[in-house]
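We use all heavy atoms of the structure for the numbers below, so side chains are in, but hydrogens, waters and symmetry mates are not. Since the structure is predicted, the reported quantities are computational estimates derived from the model, not experimental observations.
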Amino acid sequence: MDANELVKRYLDTWNERDAEARRAGLAEIWTDGGSYVDPLAVARGRDAIDATIAGAQQMFPDLRFRLAGVVDAHHNLARFTWELGPDGGEAVVVGFDVAVLSEDGRLREVHGFLDKVPAH
């Protein structure tokens with residue numbers, strides 16, 4: 001799959017509320033030892049990534065992730081900006097991720113940065 005499709009499916013996993021379906025999606029797009037790191041979380045392995053996603057969903061139950069702009073990719077790297085907000089509404093959170101892909105085109109690492117976060 002190309003980087004655009006991979007990022008779409010990655011964001012789909014962040015929006016998937018059915019735990020079984022989300023874990024199936026994670027198994028398809030992440031390597032066994034994949035890792036996700038952002039300023040608020042460090043997750044190593046699919047189970048920890050799944051728990052991180054479930055936590056974000058609990059924190060923002062009515063919001064959805066969406067791509068903001070284009071996916072820029074070369075070699076085994078992809079970068080993209082995403083938004084978290086209500087359907088059709090303004091983003092509450094905006095972030096920027098850099099993905100490192102494995103030789104088979106799955107996610108090996110995702111490094112996340114938060115550009116806009118809600119005030120405390």
Side-chain angles (χ1 to χ4, degrees):
M1 96 185 70
D2 71 6
N4 289 295
E5 178 64 19
L6 182 62
V7 169
K8 178 197 173 302
R9 291 177 65 186
Y10 167 75
L11 292 174
D12 286 347
T13 62
W14 282 86
N15 290 324
E16 180 56 66
R17 302 295 175 161
D18 179 270
E20 189 173 320
R22 185 176 59 245
R23 284 191 293 271
L26 292 172
E28 291 176 5
I29 64 169
W30 281 90
T31 60
D32 290 339
S35 66
Y36 173 84
V37 178
D38 72 20
L40 305 175
V42 175
R44 300 201 193 300
R46 290 187 198 120
D47 289 344
I49 294 166
D50 180 51
T52 299
I53 293 171
Q57 290 176 350
Q58 288 177 341
M59 191 177 300
F60 301 104
D62 299 322
L63 306 181
R64 295 184 53 80
F65 288 88
R66 58 187 176 246
L67 186 63
V70 298
V71 176
D72 184 19
H74 66 83
H75 296 86
N76 69 328
L77 301 170
R79 67 178 181 155
F80 55 95
T81 299
W82 51 265
E83 298 176 338
L84 177 65
D87 285 335
E90 183 179 343
V92 175
V93 181
V94 177
F96 177 88
D97 287 2
V98 176
V100 180
L101 311 183
S102 64
E103 288 184 10
D104 67 358
R106 293 187 298 157
L107 297 168
R108 187 171 70 214
E109 301 171 13
V110 173
H111 306 272
F113 299 84
L114 299 174
D115 298 323
K116 175 185 172 184
V117 294
H120 298 319

Novice: Once the angle between the rings of Phe80 and Tyr10 is folded into 0 to 90°, is it parallel (under 30°), tilted (30 to 60°) or perpendicular (over 60°)?
Specialist: perpendicular

Novice: Just how far is it from atom CD of Glu83 to atom CG of Leu67, taken to the nearest 0.5 Å?
Specialist: 9.0 Å

Novice: Can you tell me how far OG of Ser35 sits from CD of Glu109, rounded to the nearest 0.5 angstrom?
Specialist: 4.5 Å

Novice: Measuring from Leu84:CG to Lys116:NZ, what's the distance to the nearest 0.5 Å?
Specialist: 10.5 Å

Novice: Examine Phe96 and Val93 and state if one hydrophobic cluster contains both, with Ile, Leu, Val, Met, Phe, Trp and Tyr joined whenever side-chain heavy atoms are less than 4.5 Å apart.
Specialist: no

Novice: When rounded to the nearest 0.5 angstrom, what is the spacing between CG in Asp12 and CD1 in Ile29?
Specialist: 8.5 Å

Novice: Can we say Arg46 and Asp50 salt-bridge, meaning some charged N sits less than 4.0 Å from an Asp/Glu carboxylate O?
Specialist: no

Novice: Can you tell me how far apart CH2 (Trp30) and CG (Leu6) are? Round to the nearest 0.5 Å.
Specialist: 9.0 Å

Novice: Taking atom CZ of Arg66 as the centre, does the number of heavy atoms from other residues, nucleotides or ligands within less than 6.0 Å exceed 12?
Specialist: yes

Novice: Between the side chain of Arg64 and the main-chain N/O of Asp87, is any donor-acceptor distance below 3.5 Å?
Specialist: no

Novice: First locate atom CZ of Arg106, then atom CZ of Arg9, and finally report the distance between them rounded to the nearest 0.5 Å.
Specialist: 10.5 Å

Novice: Would a distance-only check, ignoring hydrogens and angles, find a side-chain to backbone donor-acceptor pair under 3.5 Å from Asp72 to Arg79?
Specialist: no

Novice: Examine Met59 and Val92 and state if one hydrophobic cluster contains both, with Ile, Leu, Val, Met, Phe, Trp and Tyr joined whenever side-chain heavy atoms are less than 4.5 Å apart.
Specialist: yes

